[in-house]
Student: 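Next up is a structure, given as C-alpha cells.
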Number of protein chains: 2
Amino acid sequence: MDEADFAIVRRNMLFRNIDEALAREMVGDRTPRPLRKGQVLFLQGDLIDSLHIVVAGWIKLYRATEDGTDTVVAVNGPGQSFGEAAALLGIPAHAGAEAAADSRILTLDAERLRSRLTADPDLAFPILASASMHLRVMVEELEQLKSLPATRRIAGFLADLAGPVKGAIEVVFPYEKTLIAGRLGMTPESFSRGLAKLRDLGVGVDRERVSISRVETLRRMARGEE
Amino acid sequence: MDEADFAIVRRNMLFRNIDEALAREMVGDRTPRPLRKGQVLFLQGDLIDSLHIVVAGWIKLYRATEDGTDTVVAVNGPGQSFGEAAALLGIPAHAGAEAAADSRILTLDAERLRSRLTADPDLAFPILASASMHLRVMVEELEQLKSLPATRRIAGFLADLAGPVKGAIEVVFPYEKTLIAGRLGMTPESFSRGLAKLRDLGVGVDRERVSISRVETLRRMARGEE
DNA sequence: CGACGAGTTGACGAAACTCAAGAGTCGTGG
DNA sequence: CCACGACTCTTGAGTTTCGTCAACTCGTCG
C-alpha cells in the first residue's frame, strides 16, 4: 500500500496512538478498494465482517425511514472509519453506507482485529477512543440541530471547512449541496437560501467554490454569540 | 449492595454479558450514592475518574451553548451508564451530568476497571458494546429530529414509554415535561400543544399521568406511516 | 441536440418559537 | 394555618422559520 495512503490511515483514531510497526501489521497487505459514486458498501441491517477506513472520497451513512425517505446520519472523509462496532461485535449495521463520490476505502477484517485484540489488550483503548469520538461527533450534531437555526448551522459547516484560520479564505464544498443539506438537517432549498443570507456576511458562492471574507464572523455566528 | 440494586446494574450493557462472579467483583464493595434533584455530578469539561451507572432516578446530560442556554443530550434512567469513555480514556467529559430527580447512582473507579481490562481483554467487548449502544441511541435521536415533526416525536416518546404492549395503557411521565421537551428538541410550549393534538388519537393527559387508548396508533404515527 | 439531474428562486402554507398571561402545586415562613 | 413566592405547565396571540410545490436555469452526458 502507498505511503501516502498509509499516512491517511494513520490519522484515524484506531491507528493514531499505536506503534508504527503494529499499525503496519494491522493493515497487512490490504490495499484500498476503489468505489464509484453511488456504489453501496453495505445496507442497513447487514452483518458486516470488516471495518472500513476512508482513504479518499466520501462515504455517506444513512438510515431509511419507513416512509421511503433517507436520513443522512454522517458523511465520512479521508482518515475516518465506520462500522467498527458492528464488525467487531457481529451485530447488524445500524445504517447503510454508500459512496457519495468516487472513493477509495480500506477494509480490515474484523476477525483478525478481534484476535489481535485478545493478544494485545492495549488495543482496546484505541478502539474505545474511536467509538467515543463517533459518539462525540453525534452529540455535537444533535446539539446544533436542537439549538441552532438553519443559517447558523450552515455558518458552522463553512467555518469547519475553513479550519482554524483567520481572515479570508476560499473553500470548496466537499460533496454535493443536496447531501450537505441532508447532513445539516434541512432541505436543499433551505440550504440554498441560507447561503444567500450569508452573502451579507461576506460569503460568496460560485458553484462548489466558496469565498469567505472573514472566517471568525461565521464562527461567532455558529456559536450563537451573534 | 442490595440484590435488587445489583439486578438493575446487571441490566447494563457492561454487565449483561459477563459472568455473575466477574460482575460482582467489578462492583466490589461499592454502594449506590444518593443524589438530590438538581445536584451536579460533574460539569462539561471535567476530568472524571469513575464511570456512572444509574440505579434509581434520572440523570440528565447536557451541554452548555455559548449563549447561556443548555441543550439536553440524554436522560439516563435505571440500568443506564454514562461517562465510560471519558473515565477510561482520561479525557474531559463532553457533557455535564445533573440529577433530574432524586436518584441513586453507582460509581465505579475507572483505574480499577482499566487494570481489569488489561488483565482480561474480553472485557473490551462489553465496553465496546456499551459505547456502541450509546452511539446507536444518538443516531436514532438524530434521525428522528431530522425527519419527524414535533407531534410525531412526542408520539414516539409515548410509545416507547408504553413498551411493546397493545391496546390501552396508562403511563407516567418519568420526569418533568420541560425536560422531556428538551430531550425531544422542542420548547415546553410546543410539547404541551403537541400533547393536546394527540387528544384526538386517544391520549389523555392529567398531570404526569397519561392514558393511551391504542398504543399502536401512536407507534404508527411515530414511524411516519401516519 | 435533448434528456436528465443539481441547484436556485418564488409563492404559499404549515410548523414551531417567542412573548405574555394565567392556573395550579408545592414549599417556606410568618 | 394561611399567605406568599417560586415553579411548572398551559393557553393565547403574533411572528419567524422552514418545508412544500412549482418553475426555471444551467451544466453534463449520452
Side-chain angles (χ1 to χ4, degrees), chain A residues 36-38 58 60 65 67-72 75 98 100-102 144-155 157 172-199 203-210 221 224 226, chain B residues 36-38 58 60 65 67-72 75 98-102 144-155 157 172-200 203-210 221 224 226:
Chain A
R36 264 191 296 279
K37 175 178 171 181
W58 298 92
K60 79 167 174 190
T65 42
D67 64 352
T69 61
D70 285 350
T71 309
V72 179
V75 183
E98 179 186 315
D102 290 343
Q144 288 175 8
L145 201 55
K146 279 183 176 176
S147 65
L148 299 181
T151 311
R152 282 189 181 170
R153 297 204 298 277
I154 297 174
F157 181 82
V172 174
F173 286 131
Y175 34 84
E176 288 165 356
K177 289 178 185 170
T178 304
L179 182 55
I180 300 178
R183 187 176 133 12
L184 295 177
M186 66 188 76
T187 61
E189 293 96 325
S190 290
F191 181 67
S192 188
R193 285 186 240 270
L195 280 177
K197 272 192 196 170
L198 290 178
R199 260 202 291 265
V203 175
V205 179
D206 176 48
R207 294 244 171 277
E208 74 275 353
R209 306 176 54 82
V210 184
M221 182 182 188
E226 204 249 343
Chain B
R36 265 191 293 280
K37 176 179 171 180
W58 298 91
K60 78 167 174 192
T65 40
D67 65 352
T69 61
D70 285 350
T71 309
V72 180
V75 182
E98 179 187 314
D102 292 342
Q144 288 175 7
L145 202 54
K146 278 183 177 177
S147 65
L148 299 181
T151 311
R152 283 188 179 169
R153 297 203 300 276
I154 298 174
F157 182 81
V172 175
F173 286 132
Y175 34 83
E176 289 165 355
K177 290 179 185 169
T178 304
L179 182 55
I180 299 177
R183 188 174 130 18
L184 296 177
M186 65 188 76
T187 60
E189 291 97 324
S190 290
F191 181 68
S192 187
R193 285 187 239 270
L195 279 178
K197 272 191 196 170
L198 291 178
R199 260 200 292 265
D200 304 338
V203 175
V205 179
D206 176 48
R207 295 243 174 282
E208 74 274 353
R209 304 176 55 81
V210 184
M221 182 182 188
E226 217 247 337

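All chains are named by letter (A, B, ...) in the order of the sequence lines, taking the proteins before the strands, and each is independently numbered beginning at 1. Everything numeric in this text was worked out from a predicted model, so none of it was measured.
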Student: Closest to the Glu176(B) side chain: dG24(C), dG27(D), dC9(D)?
Tutor: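 The answer is dC9(D), which lies nearest to the side chain.
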Student: If you assign Tyr175(B) and Pro149(A) each to the DNA chain D nucleotide with the nearest heavy atom, which residue ends up on the more 5' nucleotide?
Tutor: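 In this pair, the answer is Tyr175(B).
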Student: Should Tyr175(B) and Glu208(B) count as side-chain neighbours, where that means a heavy-atom distance under 4.5 Å?
Tutor: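 No, their side chains stay 4.5 Å or more apart.
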Student: Quick check: does any side chain N or O of Arg209(B) sit under 3.5 Å from a backbone N or O of Val172(B), one acting as donor and the other as acceptor?
Tutor: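 Judged by distance alone, no pair lies under 3.5 Å.
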Student: Got Gln144(A) and Leu184(A) here, is their nearest side-chain heavy-atom distance under 4.5 Å?
Tutor: no
Student: So, OP1 or OP2 of dT10(D): does either fall under 4.0 Å of a side-chain N or O from Arg193(B)?
Tutor: no
Student: Whole angstroms only, please: what is the NZ-C1' distance between Lys177(A) and dG7(C)?
Tutor: 6 Å
Student: With side chains defined as the heavy atoms from C-beta onward, is the minimum distance between Trp58(B) and Leu179(B) less than 4.5 Å?
Tutor: no
Student: Which heavy atom of Thr65(A) sits nearest a heavy atom of Ser147(B), and at what distance?
Tutor: CG2-OG, 3.9 Å
Student: Where do Met221(B) and Thr151(B) come nearest, in terms of heavy atoms and distance?
Tutor: CE-CG2, 3.7 Å
Student: By nearest atom, which of the nucleotides dC18(D), dT8(C), dT11(D) is closest to the Ala150(A) side chain?
Tutor: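 Nucleotide nearest to Ala150(A)'s side chain: dC18(D).
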Student: For DNA chain D, find the residues of residues 180-190 of chain B with a heavy-atom distance under 4.0 Å and give them by number; none if there aren't any.
Tutor: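 Under 4.0 Å from DNA chain D: Glu189(B).
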Student: State whether Arg207(B) places a side-chain N or O below 4.0 Å from either non-bridging phosphate oxygen (OP1 or OP2) of dT8(D).
Tutor: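 No.
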Student: Distance check needed: dG7(C) P versus Ile154(A) CD1, whole Å only.
Tutor: 13 Å
